[in-house]
Amino acid sequence: MGLWERREDNNDQGGVLRDGGELEGWYGRSGLVVITKGRAGVRWATTPSRWRRTTVEEDCGLRVLPFFYSCRHHRFEGGGWRRLGKFTKLNYSHVYCPGGIVTIDLIKTTIKENPFVKNMKDMPHDCIVHILSRGSPRDACRFAVVSSVVRDATESDVLWDEFLPSDYQEIISRCVSPVKYKSKRDLFFKLSSPLLIDGGIKTFSVDKATGKRCYMLSARELNIAWSDNPLFWCWKPILQSRFAEAVELRMTSWLEIEGKINTKLLSPNTQYRAYLIVNMASHRAYGLDILPSEVSLEVGKFLSQGTIILSPKQGSSSKIGENISRVYHERNDGWLEIELGEFYNDGIHEKDVIMRLKEIEGVHLKGGLLVEGIEIRPI
């Protein structure tokens, strides 16, 4: 192996690759653990207690697998292997680099005859698919550039079936427009864009990075005080809205907007945040920034509360004080979003998520608020 020599290490039944007495790379008999030349990003690479960064002057013909399924991380220290402990869930290294790949995961393998997989082509297709399925859709897309073998695995229907919602067929049946797709991968990316469902009063989508479920309730799906009275509210189509119509506040002294969704519709074991999607009617907004509005989110016994000033020019109102805990943010689609609160969906107990914005303390009139709906999306 040229300048490289192999030395047995009995501490963890591994071998150490050394060059001139300096550690250049290492591996264990239960799986390949190699550092190659080139830059790469490794999870926890900046944590000195977990990783030690080294460089390799020459590749020496070593074949490196870009990622592995792992349940233990080890590092070389003081001439021996040191176990860093077990993780609460199985992980694989999130590593990609065009010029070189770093893999420092110790893997468990069921290949008893030859524990070293020296070529990606030697790995069964189902094994690669299973490894990719333990990550996220974003990870699968990144790994597609590693090799043609991995790219083939990332196009597998078996893989993308893991990322799709378990009831995706029922969701598709609720779509306003038919959803046509050529593969499960194609379907996933179609679902990553909001689709109108339930007669056009909701949208459904999956988060492109994680595959988690996202919903948006239109203004028609919300309980808005006095919204059925045309003297107070005006229903009309809005060019920028994804729904057929939105509602504009004409005049009222009692502003109260409430939305509700059940946790069974959402992804389990996921932290969610709810946003009220609104806008200010230009030159017609008035009275909204005289008193702060209350926002809240309630799930069972859990309650999150805050206050916000609905000012046409955020931060310009002299009424803003220390008790204001929320501000709105402008979205890429031109609307404004107001955080109502966040919650954790454990997926065990079905509960209603109740989301509100209200300003009912003042007796003054207010108007010019456009309401599109409430969006619930994972953090």
Side-chain angles (χ1 to χ4, degrees), residues 30-32 34 40-43 63-71 87 89-98 100-175 178-195 204-214 266-270 347 378:
S30 58
L32 188 63
V34 181
V42 184
R43 179 179 284 188
R63 301 301 299 270
V64 182
L65 300 183
F67 63 91
F68 274 119
Y69 190 81
S70 170
C71 64
F87 291 98
K89 63 179 180 179
L90 297 174
N91 291 280
Y92 58 89
S93 57
H94 296 261
V95 179
Y96 163 68
C97 174
I101 296 172
V102 176
T103 301
I104 320 177
D105 275 1
L106 185 64
I107 66 167
K108 283 186 173 181
T109 176
T110 57
I111 308 175
K112 296 181 180 180
E113 298 78 14
N114 181 9
F116 299 101
V117 183
K118 297 183 179 180
N119 196 315
M120 183 64 73
K121 295 181 180 179
D122 295 338
M123 295 186 69
H125 177 81
D126 292 345
C127 179
I128 299 176
V129 170
H130 180 70
I131 293 172
L132 293 173
S133 70
R134 305 301 297 181
S136 66
R138 177 169 52 191
D139 296 328
C141 293
R142 287 176 174 174
F143 285 130
V145 302
V146 169
S147 71
S148 59
V149 176
V150 179
R151 184 172 63 250
D152 292 342
T154 61
E155 296 176 354
S156 168
D157 278 354
V158 177
L159 172 63
W160 290 97
D161 193 54
E162 294 290 329
F163 296 144
L164 286 168
S166 57
D167 58 344
Y168 71 88
Q169 292 181 337
E170 188 267 337
I171 293 172
I172 292 175
S173 68
R174 293 159 55 194
C175 289
V179 179
K180 299 180 180 180
Y181 57 95
K182 299 178 181 179
S183 64
K184 296 291 181 64
R185 183 179 185 275
D186 183 36
L187 175 59
F188 178 88
F189 285 102
K190 286 185 181 295
L191 292 179
S192 66
S193 298
L195 300 176
F204 172 85
S205 63
V206 294
D207 184 77
K208 189 178 293 186
T210 64
K212 303 292 187 179
R213 300 165 181 251
C214 310
L266 305 174
S267 297
N269 304 316
T270 303

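Worth saying up front: this structure is predicted, and the values here are computed from it rather than measured.
Within the 4.5 Å cutoff, the side chain of Ser193 has no heavy atoms near those of the Ser205 side chain. Annotation: side chain of Phe204 is in contact with side chain of Val206 (closest heavy-atom distance under 4.5 Å).
Note on residues 149-167: pairs passing side chain to side chain donor-acceptor pair (under 3.5 Å), not counting sequence neighbours, are Asp161-Lys184, Asp167-Arg213.
Shown here for Ala140 and Leu132, the closest heavy-atom pair between the two residues is CA-CD2, 4.4 Å. Contact detail for Pro165 and Leu191: the closest heavy-atom pair is CD-CD1, 4.4 Å. Taking all atoms of both residues into account, the shortest heavy-atom contact from Cys175 to Val179 is SG-CG2, 3.9 Å. Minimum interatomic distance between Phe189 and Cys141 (heavy atoms only, all atoms of both residues): CZ-SG, 3.8 Å. In terms of heavy atoms, Lys190 sits closest to Lys180 at CE-O, 2.6 Å. Across all non-hydrogen atoms, the minimal contact from Asp207 to Cys214 is N-SG, 3.9 Å.
Phe188 contributes atom CZ, which lies 12.0 Å from atom OG of Ser183 (distance to the nearest 0.5 angstrom). For the atom pair OG1 of Thr210 and CG of Asp139, the computed distance is 10.5 Å after rounding to the nearest 0.5 Å. How far OG of Ser136 is from NZ of Lys212: 10.0 Å, rounded to the nearest 0.5 Å.
A donor-acceptor pair is defined here as one N or O able to donate and one able to accept, closer than 3.5 Å; no such pair exists between the side chain of Ser133 and the backbone of Ile131.
Annotation: salt bridge (charged side-chain N to carboxylate O under 4.0 Å, His left out) contacts of Arg174 (sequence neighbours excluded): Glu170, Asp198.
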Apply side chain to side chain contact (heavy atoms under 4.5 Å, CB included) to the pair Tyr181 and Ile172, showing each step before the final yes or no. CA-CA 11 Å; Tyr181 57 95; Ile172 292 175; 4.1 Å; yes
